[in-house]
Amino acid sequence: VLMQRLVKSLRKQPEVVKPKLYGQPHPSTHPHLLKHPELTVGITKQEYYDRRKKFIQQLPEGGVAFFPTHRRMEMCHDIYYLYRPDVNFSYLSGFLENSALLQIENRQGEPYVTMFVTPASPEKEIWEGPSSGVEAAMEYFGADEAYDIEHLMDRLVSGTDLSNKPVYYNDIPTDNFIKTAVLTAIQGNDYRCPRRIVERQRLIKSDAEIEMMRIVCERSGIAFEEAMKSTRSLQSELQLHSKIEYECKMRGLQGLAYPPVVATGRNALILHYIANNQPLKHGDCVLVDAGGEYFGYTADISRTWPSSGKFTDGQRAAYEAVLDVQKSCIELSKKKGMTLSQLHTQSVHLTIAALKEIGLPQYSNQEYFKIYPHSIGHYLGMDTHDTPLMPSHEPLKPGSIITIEPGIYIPDTPDIPEWLRGVGIRIEDDILITENGSEVLTKSAPKEVRHMEELINS
């Protein structure tokens with residue numbers, strides 16, 4: 001009798017409903033990261049819809065655009081690098097999984113969205129975790145139609161009439177079967193690249209995007225501060241690299257936005273030095289170019305400081321010359337109508353004058369690249385070198401974010417004073433262009449000589 005009662009009571013227990021699983025953070029599975037109505041961290045479902053609507057309004061009526069996402073890159077057999085989707089695809093969809101295609105059509109000024117995604121699969125979940133699946137593509141990501149990516153060829157070729165329609169295709173390194181299906185559906189007709197349209201849209205950040213950039217820039221700057229404090233206890237470029245990455249991750253960033261430059265001594269003369277395999281040397285400066293990534297938004301900071309905790313007179317003179325140039329350029333960025341090209345031209349004039357002051361040979365406007373071979377900066381956002389198709393001669397607009405990063409890289413040649421040979425210095429901040437000027441987003445990263453020396457020796 002007791003056993004019968006127990007069985008009966010167990011049958012009355014309410015059935016436990018497992019939460020729906022997704023292939024990326026969702027408010028129900030990751031409430032510590034995002035909350036309704038966010039589709040991705042910091043960005044709402046409505047904002048993604050508004051992005052698509054703004055995009056298709058740049059297309060003719062009936063225009064169709066195809067955005068595949070990047071293919072996964074294999075590290076070795078059956079092991080893949082951490083996946084990062086194509087930024088134009090994720091900007092318009094919020095979908096962060098691989099093997100997917102976004103199709104957007106302009107239907108009387110409204111975006112009609114079709115998504116092709118990897119279906120949910122119990123077998124796949126065992127090895128790689130869940131996929132959001134076809135239903136979620138419509139219910140959660142806002143697609144009007146969604147299909148299994150394995151049926152892409154059939155659906156596009158037999159179910160999509162692209163005749164007499166303007167077609168746009170973002171031709172990136174994607175899965176071969178996706179590219180083949182899209183080009184087959186286009187049937188040899190000319191197609192246009194939609195990247196410039198999306199980049200112009202991405203150039204101006206929304207309030208939500210600016211907040212994401214504030215977070216990643218501030219936390220990345222603090223990571224630099226902590227790295228400076230630890231410099232004297234570290235033995236190598238690799239350890240300093242690890243310290244920067246550790247401090248970013250401990251502050252909630254996903255990791256570094258790009259392979260960092262951690263260059264001691266003459267290694268700093270190599271602009272994109274990423275080997276990071278030399279010991280830190282007492283008496284040398286170390287140039288660090290790094291930034292964290294926060295759910296799709298990136299920081300980009302450069303600082304140069306003495307490994308020993310004290311600049312030599314020559315190092316300090318060179319450093320303060322670059323710092324003065326940078327501060328002047330930041331002030332210039334506040335002027336309405338300023339362009340990146342104009343900022344660069346001014347930085348060249350300022351750098352040539354500053355080098356003369358500290359005793360370097362006089363360089364002409366045609367020769368400056370021997371010491372200063374890169375531009376003053378670039379746009380910043382979802383990518384480190386963001387929106388590369390946007391011209392540098394256009395006036396900077398409120399809501400855009402740029403880097404300002406003058407540098408000097410002094411060769412080890414007989415015409416250079418011995419105390420300055422082999423010195424490489426770059427100072428880089430991330431700058432938000434505002435209605436009333438500009439704002440330094442990376443001010444949490446120390447750059448004044450006295451402050452940095454105090455931190456290193458603390």
Side-chain angles (χ1 to χ4, degrees), residues 73 75-76 79-82 84 216-217 219-251 253-294 298-311 315 318-319 322 372-374 377-378 380 383-385 403 405-412 421-430 442 444-447 452-453 455-456:
M73 299 300 293
M75 180 182 288
C76 62
I79 302 293
Y80 294 88
Y81 289 99
L82 288 175
R84 191 173 193 265
V216 70
C217 288
R219 295 180 186 179
S220 297
I222 295 171
F224 268 78
E225 181 178 37
E226 294 301 317
M228 290 178 192
K229 291 178 184 178
S230 300
T231 302
R232 292 181 65 183
S233 67
L234 303 176
Q235 304 300 313
S236 66
E237 294 169 341
L238 180 60
Q239 289 181 352
L240 185 51
H241 169 164
S242 300
K243 178 65 175 176
I244 289 272
E245 184 170 7
Y246 168 81
E247 294 294 344
C248 282
K249 288 181 175 179
M250 289 301 289
R251 282 163 178 77
L253 307 184
Q254 279 59 67
L256 297 179
Y258 52 93
V261 173
V262 183
T264 186
R266 284 167 171 74
N267 291 338
L269 304 183
I270 304 169
L271 299 184
H272 286 172
Y273 170 84
I274 58 172
N276 302 345
N277 59 10
Q278 290 288 342
L280 298 177
K281 297 176 184 176
H282 188 87
D284 280 348
C285 286
V286 58
L287 189 160
V288 178
D289 184 336
E293 179 168 353
Y294 185 66
T298 65
D300 187 1
I301 305 172
S302 294
R303 293 291 187 265
T304 309
W305 65 87
S307 298
S308 64
K310 183 75 175 176
F311 284 104
Q315 290 167 348
Y319 181 87
V322 176
Y372 175 29
H374 58 76
H378 52 81
L380 182 69
D383 273 338
T384 304
H385 293 159
T403 65
E405 49 180 304
I408 57 173
Y409 311 88
I410 305 171
D412 189 353
R421 293 176 188 173
V423 173
I425 293 168
R426 183 163 63 252
I427 307 171
E428 176 181 19
D429 280 298
D430 302 341
T442 44
S444 57
K447 64 181 178 181
M452 290 194 298
E453 289 181 342
L455 288 170
I456 298 164

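Between W305 and F311 the shortest heavy-atom distance is CA-CZ, 4.0 Å. The heavy-atom pair separating P446 from E225 by the smallest distance is CD-CB, 3.8 Å. Closest of all the heavy-atom pairs between P406 and V322 is O-CG1, 3.6 Å. Listed here is the closest heavy atom pair of L287 and G424: CD1-O, 3.9 Å. When all heavy atoms of G292 and A257 are compared, the closest pair comes out as O-CB, 3.6 Å. Minimum heavy-atom separation, I301 to A445: CG2-CB, 4.1 Å.
Taking the side chain as every heavy atom from C-beta outward, R84 and D383 approach each other to under 4.5 Å. When side chains are defined from C-beta on, L380 counts as touching T298, because their heavy atoms get closer than 4.5 Å. In this structure the side chain of D289 never reaches within 4.5 angstrom of the side chain of Y273, judged on heavy atoms. Using a 4.5 Å heavy-atom cutoff, the side chains of I456 and P306 are in contact. Residues M75 and Y80 fail the side-chain proximity criterion, which asks for heavy atoms closer than 4.5 Å. Proximity of L253 to S220: side-chain heavy atoms (C-beta onward) are separated by under 4.5 Å at one or more points.
Under the rule for a side-chain hydrogen bond (donor to acceptor under 3.5 Å, both in side chains), the partners of R232 that lie at least two apart in sequence or sit in another chain are N457. Among residues two or more places apart in sequence or in another chain, the ring-ring contact (aromatic ring centres under 6.0 Å, His included) test is passed with H374 by Y372, Y409.
To the nearest 0.5 angstrom, Q315 atom CD is 10.5 Å from T304 atom OG1. Remark: E226 CD to T231 OG1 distance equals 11.0 Å, nearest 0.5 Å. If you take CD on E453 and OG on S308, they are separated by 8.0 Å, rounding to the nearest 0.5 Å. Interatomic distance, NE2 of H378 versus CD of E405, reported as 4.5 Å (0.5 Å rounding). The OG atom of S230 sits 10.5 Å away from the CG atom of L455 when rounded to the nearest 0.5 Å. Atom CG of L269 and atom CD1 of I408 lie 10.5 Å apart (nearest 0.5 Å).
Side-chain atoms of R303 come within 3.5 Å of backbone N or O of E428 as a donor-acceptor pair. Judged by distance alone, with hydrogens and angles left aside, the side-chain atoms of Y258 form a donor-acceptor pair with the main-chain N or O of A290 at under 3.5 Å. Side-chain atoms of E237 come within 3.5 Å of backbone N or O of N277 as a donor-acceptor pair. Between the side chain of S236 and the backbone N or O of Q239, at least one donor-acceptor pair lies under 3.5 Å. Side-chain atoms of D300 do not come within 3.5 Å of backbone N or O of T384 as any donor-acceptor pair.
For the side-chain contact (heavy atoms from CB on, under 4.5 Å) with L240, the qualifying choice from T264, N276, V288 is V288, the only one to do so.
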Report the C-alpha distance between I427 and Y319 in whole Å, list the side-chain angles of each, state the deciding distance to 0.1 Å, and finish with yes or no for side-chain contact (heavy atoms from CB on, under 4.5 Å).
CA-CA 9 Å; I427 307 171; Y319 181 87; 3.6 Å; yes
Going through the checks in order, is the side-chain contact (heavy atoms from CB on, under 4.5 Å) test met by L256 and C248?
CA-CA 7 Å; L256 297 179; C248 282; 4.0 Å; yes
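Between the side chains of T442 and D429, at least one donor N or O lies within less than 3.5 Å of an accepting N or O.
Contacts classified as salt bridge (Lys or Arg N to Asp or Glu O under 4.0 Å) and involving residues 238-249 (residues at least two apart or in different chains) are given here: K243-E247, E245-K249, E247-R251.
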